[in-house]
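Accompanying notes for the structure given below.
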There are 2 protein chains.
Amino acid sequence: MSPEEHPAPPATPGKKARLSRELVLSAALALVDAEGLDALTMRRLGHELGRDPMSLYRYAANRAALLDGVSELVLNELAIIPDDPNWQAQLRRIAHDLRLLALRHPNVVPLLVTRPLSTPLGLRPLGTLRPLEQILSLLIDAGFAPDDALHVYRAYYGYLYGHILNELQEFVVDPDENEALLRLGLHRLPPKDFPRLRALAPVLADYDGMAELDEGITILLSGLAARLSLPGAPAGPSDLSGA
Amino acid sequence: MSPEEHPAPPATPGKKARLSRELVLSAALALVDAEGLDALTMRRLGHELGRDPMSLYRYAANRAALLDGVSELVLNELAIIPDDPNWQAQLRRIAHDLRLLALRHPNVVPLLVTRPLSTPLGLRPLGTLRPLEQILSLLIDAGFAPDDALHVYRAYYGYLYGHILNELQEFVVDPDENEALLRLGLHRLPPKDFPRLRALAPVLADYDGMAELDEGITILLSGLAARLSLPGAPAGPSDLSGA
DNA sequence: GCCTACAGTCTACACTGTAGAGAAGTTGTT
DNA sequence: AACAACTTCTCTACAGTGTAGACTGTAGGC
């Protein structure tokens, strides 16, 4: 929309180094992080790399595949699982890691959430399935029967993604404003229809996503452990609240 | 891509009835339900309604607004809250309703999940905020302090959306195939790297989303009730498992 | 040196959202 | 009935999209 040109390929020194899938994907990720998903067009990415847009098709079959590649790249940042036998601690750590990852790449989250809806399990990029496999491993090694492991995984991962989505969408409109209502743009809501929401503006405005996630995880994991009557220490709240 | 033409506007009888926002939005929803989000282009929708594409701009400022309208339309199908004082039962019912709604309109789910990430609370279509307001009301009426109500809402809604996403992405590739591995397309995964996942194919293939949701809700709600030490009956598993 | 692959480029096409001007239709007033 | 004011709808045009297909340049092997 805005007529501004995008200045130049960031002055790549060794001008014409060969491309590679890694190069293409990380440029794509950088672009998405910096300017959002819509900015990631083939032409723009080509421009960013100082190459013709069509050259990208050597490294990704089409735009969708490029997006898959970006998802995969991001999920690869998620370190997984030394052999800690304490599954609850392990899952809690992963949850916090994934949350931070999402906060670091908020523009990619829609991809993580949306692409799997149109790609059957077996056709997903392997990198996006690795967390699943490894969490299953973790749980089975901790003593769960395979079906129960899957069960736990589903509840856990479901909640985790839900939390992340929740947290990412409660963002602040105008950080300079110090009236809570205005910071969140809630003043536009008709007071008759939305009294509770408006009244909660101050509480909404300071949201401790990390603490909420931690508590939710605690509830969920200890609940699951109880139900499956399994190798679970009582799973008290973790001690991360200072980080 | 495919050269097939889309046959004709479904032979609207009173040919040139005036358009209206409701008409436009419900045609849009029908189109999305039938052919997916990508099929919803201005030209195509115009064609479907027997009108010039540009006429749509009287009823939605642009494509994004159209999508918001569709989200809103879908969420309006969610009936909310007679004055049942049993908040747990109430939230459980809403969860199942929303799940069914999502299953009825799977192609809209990406919108429900994605649009709020780029629209601050105060600027969302009012219809999408109503569930939030009403659930808050429900909880506060049930005796929660406002902050706690928000707290419960976040955990609850987070989990709920997470579950729905989870369930929708575990879909079957080839229902005719009776080997579980093949039905899910899992045979493409390298056995060395994904032993657990492959072994779980049969369990994956029959997923009782409703039961899983119900159990997760039970765990979460009773956990929350316990933590907030509040008006909560023990919240045993519900009796919906036969529907 | 030529030969074979592959990497990168160019051109072209069908399709997208939407600005802007105008035509057609509807409604209210006399 | 005739005009005016207003709304709804249509037409044309444009800049931008993904990508097919043919082409050019370059790198390595002998």
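In what follows, chains carry the letters A, B, and so on, assigned in the order in which the sequence lines appear, proteins first and then strands, with residues in each chain numbered from 1. Treat the numbers as computed from the prediction; the structure is a model and nothing was measured. Quick note: numbers below take in every heavy atom, side chains included, and nothing from hydrogens, waters or symmetry partners.
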Expressed in angstrom and rounded to an integer, what is the separation of [X] atom [atom1] from [N] atom [atom2]?
X	N	atom1	atom2	result
A:L40	D:dT17	CG	C1'	12 Å
B:R21	D:dT7	CZ	C1'	18 Å
A:R43	D:dA15	CZ	P	14 Å
B:L45	C:dT18	CG	P	13 Å
B:M42	D:dC14	CE	P	21 Å
A:L56	D:dT17	CG	P	13 Å

From the options [options], select the nucleotide whose nearest atom is closest to the side chain of [X].
X	options	value
B:Y59	D:dC9, D:dT19, C:dT18	D:dC9
B:L19	D:dC9, D:dT19, C:dT16	D:dC9
B:D52	D:dG18, C:dG17, D:dT10	D:dT10
B:S55	D:dT10, D:dG18, D:dA20	D:dT10
A:M54	D:dT12, C:dT11, D:dG18	C:dT11
A:R18	C:dA7, C:dT9, D:dC9	C:dA7

Salt bridge check: are [X] and [Y] linked by an N-O gap of less than 4.0 Å?
X	Y	answer
B:R44	B:E35	yes
B:E179	B:R183	no
B:E167	A:R154	no

*Return the 5'-most residue of the pair A:R58, A:P53 with respect to DNA chain D, ranking by each residue's nearest nucleotide.*
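Checking each residue's closest nucleotide, the 5'-ward one belongs to A:P53.
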
*Donor-acceptor pair, side chain of A:R196 and main chain of B:Q134, under 3.5 angstrom*: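 Such a contact is absent between A:R196 side chain and B:Q134 backbone.
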
*Heavy-atom donor-acceptor pair, B:H96 side chain to B:R92 backbone, under 3.5 Å*: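 Looks like yes, one N/O pair under 3.5 Å.
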
*Base, sugar-phosphate alone, or nothing: which one does B:R63 contact when heavy atoms must sit under 4.0 Å apart?*
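Result for B:R63 = sugar-phosphate.
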
*asked:* Under 3.5 Å, is there any donor-acceptor pair linking the side chain of B:R51 to the base of D:dT8?
replied: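 Checked by distance alone, the answer is no.
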
